[in-house]
Amino acid sequence: MKKKELRRLAEEIASKERIIQTTEDSFTRSEAQNEVIRLTEKIYDMEDMLILDSYIQEFLSN
């Protein structure tokens with residue numbers, strides 16, 4: 001994947017992760033978890049996964 005695609009994907013996953021961490025609604029949390037799983041299924045290369053993880057951590061720390 002291109003770096004731009006990975007950053008966009010990381011931003012989406014970080015957004016869903018914030019929902020998972022902050023929501024009290026179990027349905028909303030479950031939907032966000034399912035979306036994270038669906039988004040991460042797009043990554044097949046381990047190097048891309050490491051880059052994606054780095055971007056996600058960057059977005060979550062902001």
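What you see is a predicted model; the values in this text were computed from it and never measured.
- The side chain to side chain donor-acceptor pair (under 3.5 Å) test applied to Glu5 returns no partner, not counting sequence neighbours.
- The shortest non-hydrogen separation linking Ala14 to Leu60 is O-CD2, 3.6 Å.
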Task: Pair Glu58-Arg7, side-chain contact (heavy atoms from CB on, under 4.5 Å): steps then yes or no - done: CA-CA 10 Å; Glu58 179 183 321; Arg7 281 191 74 78; 3.2 Å; yes
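- Glu11 contributes atom CD, which lies 4.5 Å from atom CZ of Phe59 (distance to the nearest 0.5 angstrom).
- Identified under the side-chain hydrogen bond (donor to acceptor under 3.5 Å, both in side chains) test for residues 17-27, with sequence neighbours left out: Glu17-Gln21, Asp25-Thr28.
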Side-chain donor-acceptor pairs of residues 40-54 under 3.5 Å, sequence neighbours excluded:
residue : atom : partner : partner atom : Å
Thr40   : OG1  : Val36   : O            : 3.1
Thr40   : OG1  : Ile37   : O            : 3.0
Asp48   : OD2  : Met1    : N            : 3.0

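- Under the 4.5 Å side-chain heavy-atom criterion for Ile, Leu, Val, Met, Phe, Trp and Tyr, Ile20 and Leu9 are members of the same hydrophobic cluster.
- Looking at residues two or more places apart in sequence or on another chain, you find a side-chain contact (heavy atoms from CB on, under 4.5 Å) between Glu12 and Arg8, Leu39.
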